[in-house]
S.K.: 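This is the structure I have questions about; it appears just below.
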Amino acid sequence: MVASHFDGRSVPNGWQPRQAFFGVVVVVSVVVAVIGFAIPKMIAVLSPQLINLPNKNHWLAPERLAETMAFLKANFAWFACALFLFNILVFDYAIQINLHPHHPPDPARFWYLLAGFLLFTIVWTVRMITKFLRPPDTTLGS
């Protein structure tokens with residue numbers, strides 16, 4: 001049995017068999033890959049009516065569709081990389097607690113990881129919103 005759940009001070013309060021713990025690592029990794037790499041492919045094949053995107057008539061117009069899909073693909077890939085890194089570091093944190101129960105890592109390490117990932121997510125979200133919220137003004141050149 002390994003500690004697999006922790007309270008806010010990194011004190012274990014949930015356990016599971018080692019095989020189940022590493023099974024969770026694999027499942028989470030697959031979910032992250034789906035989020036980052038399959039969702040953009042699914043968006044690309046969906047009908048525009050099924051895509052919830054601000055100003056979608058502009059961004060999904062045939063002359064901009066390839067650029068829009070490339071932007072989504074790249075940004076979801078970056079999000080998946082950040083999420084995968086966060087998961088690796090969190091699982092490593094849990095493993096270190098299990099390997100060194102009398103000298104566990106500092107709980108602040110986890111909170112810094114979480115804060116860093118949340119900051120990345122906020123920046124990523126703002127970038128997505130600002131890209132699609134308002135289409136570029138095409139009347140400037142006329």
Side-chain angles (χ1 to χ4, degrees), residues 1-101 104-142:
M1 297 296 278
V2 296
S4 59
H5 192 270
F6 308 89
D7 68 12
R9 294 180 313 269
S10 299
V11 176
N13 61 7
W15 292 263
Q16 65 186 159
R18 188 179 336 157
Q19 295 83 359
F21 178 82
F22 287 106
V24 170
V25 172
V26 170
V27 168
V28 168
S29 298
V30 169
V31 169
V32 168
V34 167
I35 287 171
F37 303 106
I39 288 179
K41 291 184 186 308
M42 291 169 35
I43 291 171
V45 299
L46 284 175
S47 168
Q49 293 86 348
L50 298 175
I51 299 173
N52 186 9
L53 188 66
N55 302 302
K56 70 179 168 183
N57 291 335
H58 174 81
W59 294 110
L60 299 178
E63 63 272 13
R64 279 182 283 291
L65 185 60
E67 175 192 347
T68 300
M69 291 303 151
F71 179 85
L72 289 172
K73 182 179 177 182
N75 278 277
F76 272 91
W78 276 111
F79 186 79
C81 289
L83 185 55
F84 193 62
L85 177 63
F86 176 73
N87 283 322
I88 287 171
L89 294 173
V90 167
F91 282 117
D92 177 65
Y93 183 74
I95 290 167
Q96 294 304 317
I97 289 174
N98 279 286
L99 290 176
H100 310 288
D106 184 1
R109 176 178 158 194
F110 172 79
W111 295 110
Y112 289 132
L113 290 172
L114 183 60
F117 179 70
L118 290 176
L119 178 63
F120 174 85
T121 302
I122 290 167
V123 170
W124 182 86
T125 302
V126 167
R127 183 163 189 243
M128 292 286 280
I129 289 171
T130 57
K131 167 75 174 174
F132 295 114
L133 196 56
R134 191 176 319 157
D137 186 4
T138 56
T139 62
L140 291 176
S142 341

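If you're wondering where the values come from, they're calculated on a predicted model, not measured in any experiment. Values reported hereafter were calculated over all heavy atoms of this structure, with side chains retained and with hydrogens, waters and symmetry mates removed.
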S.K.: Holding to side chain to side chain contact (heavy atoms under 4.5 Å, CB included), I want the full list of residues that pass it with Asp7, two or more places apart in sequence or in another chain.
M.R.: Arg9, Val11, Asn13
S.K.: If a pair satisfies salt bridge (Lys or Arg N to Asp or Glu O under 4.0 Å) and one of its residues is in residues 45-60, list it, with sequence neighbours excluded.
M.R.: none
S.K.: By side chain to side chain contact (heavy atoms under 4.5 Å, CB included), which residues pair with Ser4, not counting sequence neighbours?
M.R.: Gln16, Phe21
S.K.: Under 3.5 Å, is there a donor-acceptor pair between the side chain of Trp59 and the main chain of Phe132?
M.R.: yes
S.K.: Restricting to side chain to side chain contact (heavy atoms under 4.5 Å, CB included), what partner residues turn up for Arg18, sequence neighbours left out?
M.R.: Val2, Phe22
S.K.: List, one per line, each side-chain donor-acceptor pair under 3.5 Å for residues 33-45, sequence neighbours excluded.
M.R.:
none

S.K.: Nearest 0.5 angstrom please: Ile97 CD1 to Phe6 CZ, how far?
M.R.: 4.0 Å
S.K.: Thr130: which residues meet the side-chain hydrogen bond (donor to acceptor under 3.5 Å, both in side chains) condition with it, sequence neighbours left out?
M.R.: none
S.K.: Side-chain polar contacts of residues 114-127 - donor-acceptor pairs under 3.5 angstrom, sequence neighbours left out - could you list them?
M.R.:
from: Thr121; atom 1: OG1; to: Phe117; atom 2: O; distance (Å): 2.9
from: Trp124; atom 1: NE1; to: Asn75; atom 2: O; distance (Å): 2.8
from: Thr125; atom 1: OG1; to: Thr121; atom 2: O; distance (Å): 2.8
from: Arg127; atom 1: NH1; to: Asn75; atom 2: OD1; distance (Å): 2.9

S.K.: Which atoms form the tightest heavy-atom contact between Asn98 and Ala94, and what is the distance?
M.R.: ND2-O, 2.9 Å
S.K.: Which residue pairs pass the side chain to side chain donor-acceptor pair (under 3.5 Å) test with at least one member in residues 19-38, sequence neighbours excluded?
M.R.: none
S.K.: Taking everything shown except Phe86 itself, do over 12 heavy atoms lie less than 6.0 Å from its CZ?
M.R.: yes
S.K.: Taking side-chain hydrogen bond (donor to acceptor under 3.5 Å, both in side chains) as the test, write out the residues that go with Gln49, two or more places apart.
M.R.: Ser47
S.K.: Give every residue pair that meets the side chain to side chain donor-acceptor pair (under 3.5 Å) criterion with at least one member in residues 104-113, sequence neighbours excluded.
M.R.: Asp92-Arg109
S.K.: Kindly give the heavy-atom pair with the smallest separation between Pro17 and Met1, and that separation in Å.
M.R.: N-SD, 3.7 Å
S.K.: Supply the atom-to-atom distance Leu85 CG to Asn87 CG, rounded to the nearest 0.5 angstrom.
M.R.: 9.0 Å
S.K.: Taking atom CG of Leu60 and atom CG of Leu53, what is their separation to the nearest 0.5 Å?
M.R.: 5.5 Å
S.K.: A quick test of your reading: do over 12 heavy atoms of other residues, nucleotides or ligands sit less than 6.0 Å from NE2 of His100?
M.R.: yes
S.K.: Under the side chain to side chain contact (heavy atoms under 4.5 Å, CB included) test, which residues partner Ala61, sequence neighbours left out?
M.R.: Glu63, Arg64
S.K.: Please list all pairs passing the salt bridge (Lys or Arg N to Asp or Glu O under 4.0 Å) test where one or both residues lie in residues 66-84, with sequence neighbours left out.
M.R.: Glu67-Lys131
